[in-house]
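One structure is given here, and the rest of the page talks about it.
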Amino acid sequence: MKFTQPPEGEYEKHIVPVKGVSSLNFDPYAAEVLTNPYPHYEELREAGPIVWLERYGVYVVSHYNTVRDVLTNPDVFCSSAGVGLSNFHTEKPWRQPSIILEADQPEHTGVRAVFARILSPRALKKLTTTFEAEAETMIDRMLENGECDGVVDLAHAFPIKVFGDAVGIMNEGREHLLPYGDMVFNAFGPVNGRFKECLANLGPATEWIYEACKRENLTDDGFGAAFYAAADAGEITHEGAGLLVRTTLSAGLDTTIFTMGNALVNLGRHPDQWAILRDEPKRARAALEEVLRYDSTFHSFYRTTTREIELEGVKLDKNQKVLVLVASANRDPRHWTEPDKFDVTRKATGNMGFGAGIHGCAGQMIARMEGEIVLRTLATKVETIELLGEPSLHFNNTVRGYTSMPMRITAKKH
Ligand code: OVM
C-alpha cells in the first residue's frame with residue numbers, strides 16, 4: 001500500500017497564505033484536543049465561520065449554519081474526492097472507495113435508494129423484539145454482577161451481536177469489526193502516528209471483512225443478502241452489493257458502540273439527567289438525541305469543492321478540502337441555548353451528529369433504534385449508575401468514544 005499524503009511533520013509544505021480569512025495553526029487531531037475538544041471548538045468558532053488550517057492546508061467550518069450550508073450543497077461540496085483529508089483526485093485511497101459515502105450524484109442516488117429501502121423503517125420494525133430481548137438479557141446479566149464495564153458488557157456487546165446478526169455476518173471473527181472500523185475512521189484524518197499505529201496493528205481485520213462481505217458467507221435473511229438480491233434484480237452490481245455490506249460493517253459498529261458508551265458516561269456524570277430518564281423511560285429517544293448533540297460520536301469529515309465558490313465571504317479555489325466540524329456545530333451558541341449543558345429534556349433534534357443532506361447518515365434509523373432500546377431498557381430496569389473511576393477514552397481521528405467504563409449499577413425495585 002502506498003500513501004501519497006505527506007508524512008507527519010511535512011505538512012508545512014502545504015502552507016499557502018490565504019487572504020481575507022483567519023489562519024490558525026490549530027490541529028484538530030492533537031491528543032490534547034481529542035481529550036476535550038469543546039473549548040478548542042469554541043475558539044475556532046470565535047475565529048470565524050470559516051478558518052484556514054495552516055497545518056493541513058484546508059478550510060474548517062465550525063458554525064451550525066455554515067456546516068449545514070456546506071452539507072446541503074453537495075454539487076459544490078462533493079464527496080467523490082473522499083470525505084477525509086486525502087484527496088482521491090490526486091492521492092490513492094487506502095481502500096477501494098465506498099459507492100455510497102465517497103460518491104456523488106447521479107451515481108450516488110440509486111445506490112442510496114437501494115440502501116435506504118433495505119434499511120427502511122418497515123424492515124427495522126421486524127427487528128424490534130429481538131433487539132429488546134437482547135438488551136434485556138445483557139442488562140439483567142450486568143445487574144446480577146452489580147460491578148460491570150458499561151462499554152465491554154453493553155455498548156460493545158450489543159451492536160456486535162444485534163447489528164452483526166441483522167446484516168447476517170458470520171459469528172466467528174467479529175472481534176475484527178472494531179479494529180477495522182477504527183482504521184476506517186482514522187483514515188479520514190491525516191496520516192499521523194495514530195493512523196500508522198492503527199494500520200500496523202490491523203492484522204487480519206481487513207481480510208476478514210473482505211470475506212465477511214461475500215455472498216456465500218452471509219445468512220440468507222439479513223441486510224447483506226438483501227443487497228445481493230438487489231444486485232440480482234439489476235439495481236446495483238454484485239460488486240456493489242459486497243461494498244454495501246462493507247459499508248454497514250465500516251459505518252455501523254464503532255459509531256453505535258461509541259454512542260452508547262458516550263450515553264452511559266454522560267448519564268453517569270449527570271445523575272440529575274439520569275434520574276429524569278429513569279423516572280420516564282419513554283424519554284430514551286430524546287435523551288439519545290441529546291447525547292448525539294452534546295458529545296457527538298462523529299466529529300468531523302471533509303468535503304471537496306467542485307468549483308470556485310464564495311463561502312461566508314471567502315473565495316475558495318476548486319478542488320479545495322473543507323473540514324466540516326459537525327461536533328462543533330452541535331455546540332454552537334448561535335444555534336443552541338446553553339450548548340454546553342447536557343439536558344435530556346431539550347429538543348436536540350436538528351443536531352448534525354448524523355450529518356445532513358443527501359449524505360446524511362443512511363443508517364441513522366437503525367442506529368437510533370439500537371440506542372433507544374438500550375437506553376429505554378436501562379431506564380426501565382436500573383435505579384442507579386455509578387462510574388467507578390475515569391472511563392478510558394479512545395483516541396481516533398474522526399470518532400469519539402470510550403473503550404472501558406467500570407461502573408456499578410443497582411436494580412429498580414418494582
Ligand atoms: C462506507 C462508510 C464507512 C465509514 C463511514 C461511513 C459515516 C460510510 O464504507 O460507506 O459513513
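Order of appearance sets the numbers: ligands from 1, and atoms from 1 within every ligand. Just so we're clear, the structure is a prediction, and the values are computed from it rather than from any experiment.
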Exam field: side chain Arg194 to backbone Tyr29, donor-acceptor pair closer than 3.5 Å
yes
Give the atom numbers and elements of ligand 1 that come within less than 4.0 Å of a heavy atom of Arg95.
1 (C), 3 (C), 9 (O)
If we number the atoms of ligand 1 from 1 as shown, the ones under 4.0 Å from a heavy atom of Val184 are 3 (C), 4 (C)
Min over Thr247, Asp254, Ile99 of heavy-atom distance to atom 1 (C) of ligand 1 lands on Thr247
Taking only residues at least two apart or on different chains, which pairs with a member in residues 95-137 satisfy ring pair (Phe, Tyr, Trp, His ring centres under 6.0 Å)?
His108-His359, Phe115-Phe227
Is any NZ, NE, NH1 or NH2 atom of the basic residue among Asp104 and Arg303 found under 4.0 Å from an Asp or Glu carboxylate oxygen of the other?
no
Side chains of residues 237-244: which donor-acceptor pairs under 3.5 Å do they make with residues two or more places apart or in other chains?
unit_1: Thr237; atom_1: OG1; unit_2: Gly240; atom_2: N; d: 2.8
unit_1: His238; atom_1: NE2; unit_2: Asp232; atom_2: OD1; d: 2.7
unit_1: Glu239; atom_1: OE2; unit_2: Gln96; atom_2: NE2; d: 3.0

Does the ring centre of Phe301 sit less than 6.0 Å away from the ring centre of Phe188?
no
Students should be able to answer this: which protein heavy-atom is nearest to atom 3 (C) of ligand 1, and at what distance?
Ser250 CB, 3.4 Å
With respect to atom 5 (C) of ligand 1, which of Ala251, Gly84, Gly355, Gly363 exhibits the smallest heavy-atom separation?
Ala251
Out of curiosity, is Phe298 lining ligand 1, as in a heavy atom under 4.0 Å away?
yes
Which atoms from ligand 1 have a heavy atom of Ile100 less than 4.0 Å away?
10 (O)
Give the C-alpha distance, both sets of side-chain angles, the deciding distance and a yes or no for side chain to side chain donor-acceptor pair (under 3.5 Å) between Thr377 and Glu136.
CA-CA 6 Å; Thr377 310; Glu136 283 177 24; 5.4 Å; no
Distance to 0.1 Å, residue and atom name: give those for the protein heavy atom nearest to atom 2 (C) of ligand 1.
Leu101 CD2, 3.7 Å
Under 4.0 Å from any heavy atom of Ser98, which atoms of ligand 1 are there?
1 (C), 9 (O), 10 (O)
Result for ring-ring contact (aromatic ring centres under 6.0 Å, His included) between Phe185 and one of Trp94, Tyr180, Phe298 points to Phe298
Check whether any N or O atom of Arg246, backbone or side chain, sits under 3.5 Å from an N or O atom of ligand 1, and answer yes or no.
no
